[in-house]
**Q** 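Structure provided below as structure tokens; questions to follow.
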Amino acid sequence: MLKHTFLHIPRIGKLTEQKFWQAGIQTWDDALQVPNYAKLGIPELLIKSFLADSYLALEQHNISFFSKLLPSLETWRLYPKFSHNLSLRVAYLDIETSGVNSYLDNITVIGVYDGTVVKQYVNGQNLMAFRDDIEEFDLLVTFNGKVFDVPVLQAAIPKLHMPKAHIDLRYVLKQINLKGGLKSIERQTGFAREQDELGQLDGYDAVLLWRLHRRGDPRALPTLLRYNAEDVVGLKPLLELACNQLTKVLPLDYAQYSILSRINSRA
DNA sequence: CATTATGCAGAATGCAAGGG
DNA sequence: CCCTTGCATTCTGCATAATG
């Protein structure tokens with residue numbers, strides 16, 4: 001998807017990019033072979049120098065080059081290319097706190113899913129290890145993390161270096177008419193959790209579970225951790241669903257970029 | 001060459017919505 | 001429950017293209 005992207009070039013916005021695609025300029029390679037730029041309204045030199053930089057950034061796995069230039073609604077474009085051909089480390093992240101008054105409340109649990117394994121950090125146990133661990137990742141995926149998780153983490157943990165690229169699914173999913181909270185979206189997409197007691201929990205229950213845990217209930221923390229784990233693991237199929245759907249509506253030969261066939265078999 | 005239309009970037013503003 | 005943020009919207013200014 002990235003090699004179809006022209007949006008990151010100055011003076012090229014959504015409309016100009018669409019014109020490129022419709023004119024048959026679908027990839028960076030196409031753009032370099034265009035004989036006559038007169039009709040496109042953008043200086044040829046600007047395009048070619050930017051594309052040279054783009055090829056270089058891709059070769060060097062420099063994801064922050066693109067993430068800085070892409071509008072945040074389009075950050076999803078980082079995922080298919082980088083996750084397929086390059087060894088990009090993706091961190092799906094979700095935190096639980098003792099309440100919603102952001103800066104007064106404490107972080108209770110941090111969950112990080114790397115696509116294979118969930119690692120969790122618990123207040124009073126290993127919360128500070130998160131600071132070192134998160135630096136191993138290139139791309140962050142959250143739901144509403146731009147508003148909630150990342151600011152809260154940064155306020156709580158000094159000298160925290162979060163990944164430079166961040167896909168916030170809240171805004172990405174909104175484009176395909178998936179609005180509301182994470183639980184609601186999981187229901188709408190058929191990715192809802194199993195119908196056991198865990199599926200009934202919401203964020204406020206996470207607050208209550210933490211209080212129970214502090215009062216000495218031995219069953220509270222394991223339940224909270226399972227809840228948090230399901231949250232982070234659930235982010236991945238949602239991201240891949242969004243990538244597939246958003247790619248589909250573009251005037252591109254998209255078939256080869258479909259990420260997951262697995263998704264559809266679960267619904 | 002002058003004029004006009006177009007569309008992008010950037011700034012400013014107000015508000016909706018999601019987190020636990 | 002409350003707060004923060006980024007988004008959407010609007011406006012301005014600029015650069016380019018098209019026209020004759």
Side-chain angles (χ1 to χ4, degrees), chain A residues 5-23 36-47 50 67-76 92-111 120-123 127 140-156 162 165-188 198 200-214 220-221 223-232 234-235 238:
Chain A
T5 293
F6 299 102
L7 217 48
H8 62 305
I9 300 171
R11 300 202 45 75
I12 294 186
K14 246 192 136 108
L15 286 161
T16 308
E17 186 181 59
Q18 289 269 339
K19 280 184 192 162
F20 269 49
W21 291 339
Q22 272 148 15
N36 175 18
Y37 267 93
K39 285 232 158 179
L40 292 167
I42 313 288
E44 179 171 353
L45 220 71
L46 179 67
I47 294 182
F50 243 84
S67 104
K68 268 186 289 201
L69 294 168
L70 279 177
S72 65
L73 282 178
E74 302 295 336
T75 48
W76 61 272
Y92 302 86
L93 175 134
D94 186 52
I95 67 173
E96 315 299 328
T97 67
S98 60
V100 80
N101 294 351
S102 326
Y103 299 99
L104 297 175
D105 287 303
N106 303 313
I107 296 171
T108 57
V109 174
I110 306 172
Q120 291 169 309
Y121 307 85
V122 179
N123 193 331
L127 213 52
L140 186 70
V141 179
T142 64
F143 188 89
N144 203 36
K146 287 189 176 175
V147 175
F148 188 76
D149 303 63
V150 171
V152 168
L153 282 165
Q154 277 168 341
M162 297 296 283
H166 183 179
I167 301 177
D168 188 333
L169 287 174
R170 176 182 163 189
Y171 305 106
V172 173
L173 290 167
K174 200 166 129 188
Q175 292 179 92
I176 52 175
N177 282 323
L178 289 171
K179 297 173 236 174
L182 185 58
K183 303 287 172 299
S184 154
I185 288 176
E186 285 180 342
R187 277 193 298 273
Q188 292 171 54
L198 217 54
Q200 309 304 316
L201 300 182
D202 64 10
Y204 187 58
D205 292 311
V207 176
L208 300 179
L209 281 167
W210 182 254
R211 287 185 198 155
L212 285 176
H213 163 65
R214 294 300 287 260
L221 185 58
T223 306
L224 178 57
L225 290 177
R226 278 176 59 208
Y227 168 78
N228 171 259
E230 290 200 352
D231 261 357
V232 281
L235 294 174
L238 286 175

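Nothing here was measured: the structure is a model prediction, and the numbers come from that model. Per chain, numbering begins at 1; letters A, B, ... match sequence-line order.
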**Q** Taking it one step at a time, do A/T142 and A/H166 satisfy side-chain hydrogen bond (donor to acceptor under 3.5 Å, both in side chains)?
**A** CA-CA 8 Å; A/T142 64; A/H166 183 179; 2.7 Å; yes
**Q** Within this structure, what is the CG-to-P distance between A/D105 and C/dC1, rounded to whole angstrom?
**A** 16 Å
**Q** Name the nucleic acid region contacted by A/G180, choosing base, sugar-phosphate or nothing; use a 4.0 angstrom heavy-atom cut-off, strictly under.
**A** sugar-phosphate
**Q** With the criterion being N/O to N/O and under 3.5 Å, what pairs connect the protein with nucleotides 8-15 of chain C, and how long is each?
**A**
none

**Q** Measure from CG on A/L153 to C1' on C/dT5 and round the result to the nearest Å.
**A** 15 Å
**Q** Ignoring backbone atoms, test whether A/T108 places a side-chain nitrogen or oxygen under 4.0 Å from the OP1 or OP2 oxygen of B/dG20.
**A** no
**Q** How many Å lie between CG on A/L209 and P on B/dG20, as a whole number?
**A** 13 Å
**Q** Rounding to an integer number of Å, can you tell me how far A/I12 CD1 sits from B/dG10 P?
**A** 14 Å
**Q** Can you name the closest pair of heavy atoms from A/F143 and A/L173 and give their distance?
**A** CE1-CD1, 4.1 Å
**Q** Using five base pairs at each end to define the local axes, how bent is the helix from B/dC1-C/dG20 to B/dG20-C/dC1, to the nearest 10°?
**A** 30°
**Q** Is there side-chain contact between A/D149 and A/I110, with heavy atoms separated by less than 4.5 Å?
**A** no
**Q** Quick one: A/H8 NE2 to B/dC8 P, roughly how many Å, whole number?
**A** 16 Å
**Q** Rounded to whole Å, how long is the line connecting atom OH of A/Y171 with atom P of B/dG18?
**A** 9 Å
**Q** For A/L225 and A/V109, run side chain to side chain contact (heavy atoms under 4.5 Å, CB included): C-alpha distance rounded to whole Å, both residues' side-chain angles, the deciding distance at 0.1 Å, then the answer.
**A** CA-CA 8 Å; A/L225 290 177; A/V109 174; 3.8 Å; yes
**Q** Side chain of A/R170 only, heavy atoms from C-beta on: which candidate in B/dG20, C/dC7, B/dA17 is closest?
**A** B/dA17
**Q** I need the A/Y171 OH to A/L73 CG distance, nearest 0.5 Å.
**A** 9.5 Å
**Q** After noting the C-alpha distance and the side-chain angles of A/I107 and A/V152, does the key distance pass the side chain to side chain contact (heavy atoms under 4.5 Å, CB included) rule?
**A** CA-CA 8 Å; A/I107 296 171; A/V152 168; 3.7 Å; yes
**Q** Tell me whether the rings of A/F6 and A/F20 are parallel (<30°), tilted (30 to 60°) or perpendicular (>60°).
**A** tilted
**Q** Can you find a heavy atom in the side chain of A/L69 that is under 4.5 Å from one in the side chain of A/I9?
**A** no
**Q** Which one, C/dC7, C/dT5, B/dG20, comes nearest to the side chain of A/P151?
**A** C/dT5
**Q** Looking only at side-chain atoms of A/K146, point me to the closest of C/dG6, B/dG19, B/dA17.
**A** C/dG6
**Q** By nearest heavy atom, map A/Y227 and A/I9 onto DNA chain B; which one lands nearer the 5' end?
**A** A/I9
**Q** Looking at residues at least two apart in the chain, or sitting in another chain, which of them share a salt bridge (Lys or Arg N to Asp or Glu O under 4.0 Å) with A/D231?
**A** A/K183, A/R193
**Q** Just the rounded figure in Å: distance from C1' of B/dG18 to CG of A/D94.
**A** 12 Å
**Q** Measure the distance from CG on A/D168 to P on B/dA16 and round it to the nearest whole Å.
**A** 19 Å
